[in-house]
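See below for the structure under consideration.
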Amino acid sequence: MNEADTNNNSREHCLELDRTDALAPLRDEFLLQDGLIYLDGNSLGAMPKAALACAERVIQNEWGKDLIKSWNKAGWFDLPSRLGDLLAPLIGAHAGEVVVTDSTSINLFKAIAAALQMQTERGEQQRKIIITERGNFPTDIYMADGIAQWLNKGYQVHLINSVEELPAALNDNIALVMLTHVNYRTGYLHDMQKVTAQVQQHGGFMLWDLAHSAGALALDLHAANADFAVGCTYKYLNGGPGAPAFIWVPKRHQDKFNQPLQGWWAHAQPFAMTPEFTPTHGIRRALCGTQPIVSLAMVEAGLSIFSRTNMPALREKSLALTDLFIALVEQRCSQHPLQLVTPRTHHQRGSQVSFTHPDGYGVMQALIARNIIGDYREPAIMRFGFTPLYTRFVDVWDAVEGLRDILDNNKYQRDAVRHAVT
C-alpha cells in the first residue's frame, strides 16, 4: 500500500479494495458467521467448509464402515508423509522432508535432541550452549531447558534479549540456536537467511519455529540453508484446534537424525515387531507412535486451499492489510495511549499487528463482545492477526471503527475479569 492509498481511506475505499482483490473468492472456502470480524487466525485459523465433510468421511466411512482396513485402504499409515508433501512447498521444502505429526512442543524436543546428538557424533563435545530469545514463545524455552536439565551433561540455555545480541553471543561452544521466525507477541520477522548464516559460521545448528509464519509468509528453508524447522497447522494453515504440527528435516541431515522418542512408526519394519529399534530411512525417522487420524485428516482441508493461490500473492495482501490497519489506528485513535510494537518495515513484519494499551485486556474483551475477535498477551499487548485467505479490507475498517468507538466512549472495563485463555 502506497502513501496515496493510506491518505484515501474510507469504508467505500476498503470495499473497492475487496471488489478488486484476486484472493477474495477464497473467503468462501471458510465457515465464517455473518457480522464476525475474525482477526485471530494467528492463534486459531477459521474452519474450512471442507473440514466437516472430511471428518464425516473419516468417521462414518473409513472408521465406521471399513474399520481397521482403512490403515491400508484409506492410506492412514502414509498420511503424515502425504500431508507433509502437501505442506512442503509452502515453506520452501522438498518432497520427503516434512511430516505432519505430534505437537509443536514434541517436535521441538525431537529436533533439539537430534541436533545435540549430531554435534556429539561429529566430535564437537565442547558445544554445550543452546541460544534462544527471552521473548520467545515460552514452550520453546521450556523444552530447551528440560532437555538441558535431564541430559545433565553440562548443557545450558542462554537467553538473549533480541537478535541484535546474537552475534556477540556466538562462539565455538554453540550447539544450537532456536528462534521463532515471527515473534508471537510483537510480530517481528527475523531475517532467516542472515541469522542462519551467522549461526553456521560458528558451527552451530539453526532450528526455526514457523508457527507464526507458515501459511502467511513466503518461506524458503532451502534458500536459507536452515538445519531444522517445526511449526503448527492450526494457525494460518487452518488445520483445526490442536491439529497436529509438522517437522522439517532436510535430506542432508536425515540419515543422522536420531532422537530418543523412538516409536514404532519410525522403525524400518514396524510390523516385524522386533524388540530392537532400527530407524527407518528418510523423514519418517521423525515420527513416534500411532497417529491421531481424525484430526490429522482434517489438516488436508486447510492445506488444499493453498493450491488455488501462491505465497507471494498471500504475502502481498498480508502487508496491504497490516499497512491499512496500522494507518487507520494511528489516524482514528491518535488521542489514545496506543503504542505500536510491530515493526513498520515490511521485511521485519509478520502477518499480525500488536498495539499496547494500559487497559489492553479490557479493551480486547470489549472488542470481542462486538464480534471483533483478536486476543491479548502480556504485557498489555492487543494482537490482531490478518489471514489473507479470508480477511477482507472492510474487516480492517470496521475493526478500527469498533476500536475507536470503544476508546472514545470508554466502553470497556478497566479491571475486566481474566478468562483462563486470553
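If you're wondering where the values come from, they're calculated on a predicted model, not measured in any experiment. In this chain, numbering begins with 1 at the start of the sequence shown.
- Under the 4.5 Å side-chain criterion, counting only non-hydrogen atoms from C-beta, Trp71 is in contact with Ile293.
- When atom types are taken as modelled, the side chain of Gln348 and the backbone of His346 share no donor-acceptor pair closer than 3.5 angstrom.
- Between Arg404 and Asp408 there is a salt bridge, since at least one side-chain N of the basic residue sits less than 4.0 Å from a carboxylate O of the acidic one.
- Taking a 6.0 Å sphere around CD of Glu316, one finds it holds 12 or fewer heavy atoms contributed by other residues, nucleotides or ligands.
- Screening Leu407, Asp405, Val400 for a side chain to side chain contact (heavy atoms under 4.5 Å, CB included) involving Arg332 leaves a single residue, Val400.
- Ser43 places a side-chain heavy atom less than 4.5 Å from the side chain of Arg383.
- Residue Arg344 qualifies as open at atom CZ: its count of foreign heavy atoms under 6.0 Å is 12 or below.
- Heavy-atom neighbours of Leu67 CG from other residues, nucleotides or ligands within 6.0 Å: above the threshold of 12.
- Met298 contributes atom CE, which lies 7.0 Å from atom SG of Cys54 (distance to the nearest 0.5 angstrom).
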* Can you check side-chain contact (heavy atoms from CB on, under 4.5 Å) on Ile129 and Ile131, steps first, answer last? -> CA-CA 6 Å; Ile129 304 298; Ile131 295 179; 3.9 Å; yes
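- A salt bridge is absent between Arg252 and Glu97: the closest approach of a Lys/Arg side-chain nitrogen to an acidic carboxylate oxygen does not fall below 4.0 angstrom.
- When side chains are defined from C-beta on, Leu83 counts as touching Glu300, because their heavy atoms get closer than 4.5 Å.
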Under 3.5 Å, sequence neighbours excluded: what are the donor-acceptor pairs made by side chains of residues 22-35?
{"residue": "Arg27", "atom": "NH1", "partner": "Tyr390", "partner atom": "O", "Å": "2.7"}
{"residue": "Glu29", "atom": "OE2", "partner": "Arg308", "partner atom": "NH1", "Å": "2.4"}

* Asked: Is there a side-chain contact (heavy atoms from CB on, under 4.5 Å) between Ile147 and Phe109 once you walk through the steps?
  -> CA-CA 8 Å; Ile147 289 177; Phe109 180 92; 3.6 Å; yes
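- When all heavy atoms are compared, the tightest approach of Asp398 to Ile37 is CB-CD1, 3.4 Å.
- Contact record, Ala399 with Leu367: O-CD2, 4.3 Å, taken as the closest heavy-atom pair.
- Note on ring orientation: taking the six-membered ring where Trp is involved, the planes of Trp208 and His181 are perpendicular (angle over 60°, cut-offs 30° and 60°).
- Partners of Phe77 according to the ring-ring contact (aromatic ring centres under 6.0 Å, His included) rule, which considers only residues two or more places apart in sequence or in another chain, are Trp265.
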* Please walk me through it: do Leu237 and Val299 pass side-chain contact (heavy atoms from CB on, under 4.5 Å)? -> CA-CA 8 Å; Leu237 296 175; Val299 173; over 6 Å; no
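- One N or O on the side chain of Thr391 and one on the backbone of Thr387 form a donor-acceptor pair closer than 3.5 Å.
- In this structure, Asn409 contributes its side chain and Lys411 its backbone to no donor-acceptor pair below 3.5 Å.
- Between Thr132 and Val177 there is no side-chain heavy-atom pair separated by less than 4.5 Å.
- Separating the CG atom in Asp140 from the OG1 atom in Thr180 is a distance of 4.0 Å, to the nearest 0.5 Å.
- Shown here for Ala297 and Val58, the closest heavy-atom pair between the two residues is CB-CG2, 3.6 Å.
- Taken from SG in Cys14 to CG in Asp395, the straight-line distance is 9.5 Å, to the nearest 0.5 Å.
- Under 4.0 Å is where a charged nitrogen must lie from a carboxylate oxygen, and between Glu165 and Arg134 no such pair does.
- Remark: the Gln200 side chain and the Asp227 side chain contain an N/O donor-acceptor pair separated by less than 3.5 Å.
- Residues passing the side chain to side chain donor-acceptor pair (under 3.5 Å) test with Gln156, sequence neighbours excluded: none.
- His222 meets the ring-ring contact (aromatic ring centres under 6.0 Å, His included) test with His94, Trp248; sequence neighbours excluded.
- Panel note: side chain Asp359, backbone Gly362; no donor-acceptor pair is recorded below 3.5 Å.
- Annotation: side chain to side chain donor-acceptor pair (under 3.5 Å) contacts of Thr233 (sequence neighbours excluded): none.
- Using modelled atom types, one finds a donor on one side chain and an acceptor on the other under 3.5 Å when comparing Ser162 with Glu164.
- More than 12 heavy atoms of other shown residues, nucleotides or ligands fall within 6.0 angstrom of atom NZ in Lys251.
- Ring pair Tyr376/Tyr361 is perpendicular by interplanar angle, where above 60° counts as perpendicular and below 30° as parallel.
- Of all heavy-atom pairs between Pro379 and Thr356, the closest is O-CG2, 4.2 Å.
- Within 6.0 Å of NZ on Lys49 lie more than 12 heavy atoms contributed by other residues, nucleotides or ligands.
- Side chain of Lys110 to backbone of Ala286: a donor-acceptor contact under 3.5 angstrom is found.
- With hydrogens and angles disregarded, a donor-acceptor distance shorter than 3.5 Å links the side chain of Thr342 to the backbone of Thr186.
- Within the 3.5 Å criterion, the main-chain N or O of Leu321 finds no donor-acceptor partner in the side chain of Asp323.
- Here the shortest heavy-atom pairing between Val163 and Glu133 reads N-OE2, 3.8 Å.
- Under the 4.5 Å side-chain criterion, counting only non-hydrogen atoms from C-beta, Gln352 is not in contact with Thr322.
- Note that the OH atom of Tyr236 and the CG atom of Leu314 stand 11.5 Å from one another [nearest 0.5 Å].
- Evaluation of the salt bridge (charged side-chain N to carboxylate O under 4.0 Å, His left out) test over residues 204-218, restricted to residues two or more places apart or in two chains, returns none.
- The aromatic rings of Phe137 and Tyr184 lie perpendicular to each other, with more than 60° between the two planes, well past the 30° mark.
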* To do: Determine, step by step, whether Ile283 and Gln254 satisfy the side-chain contact (heavy atoms from CB on, under 4.5 Å) criterion, reporting the C-alpha distance in whole Å, the side-chain angles of both residues, the deciding distance to 0.1 Å, and the verdict.
  => CA-CA 6 Å; Ile283 187 58; Gln254 286 178 4; 3.9 Å; yes
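- What you find for Met178 and Ala144 is that their closest heavy atoms are CE-CB, 3.8 Å.
- The closest donor-acceptor contact from the side chain of Asn107 to the backbone of Thr101 lies under 3.5 Å.
- Atom-to-atom distance recorded for Asp220:CG and Leu217:CG is 12.5 Å, nearest 0.5 angstrom.
- With a 4.5 Å cut-off on side-chain heavy atoms, Met311 and Phe306 count as touching.
- No side-chain donor-acceptor contact under 3.5 Å links Arg127 to the backbone of Gln119.
- For the residue pair Ser354/Arg185, the side-chain donor-acceptor check at 3.5 Å is not satisfied.
- Using bins of under 30°, 30° to 60° and over 60° for the plane-to-plane angle, the ring pair Phe384/Phe325 lands in the tilted bin.
- Residue Trp264 places its CH2 atom among more than 12 non-hydrogen atoms of other residues, nucleotides or ligands, all under 6.0 Å distant.
- When atom types are taken as modelled, the side chain of Asp66 and the backbone of Ala74 share no donor-acceptor pair closer than 3.5 angstrom.
- The shortest side-chain heavy-atom distance between Met364 and His357 does not fall under the 4.5 Å cut-off.
- Side-chain contact between Ile406 and Arg370: present, with at least one pair of heavy atoms (C-beta onward) separated by less than 4.5 Å.
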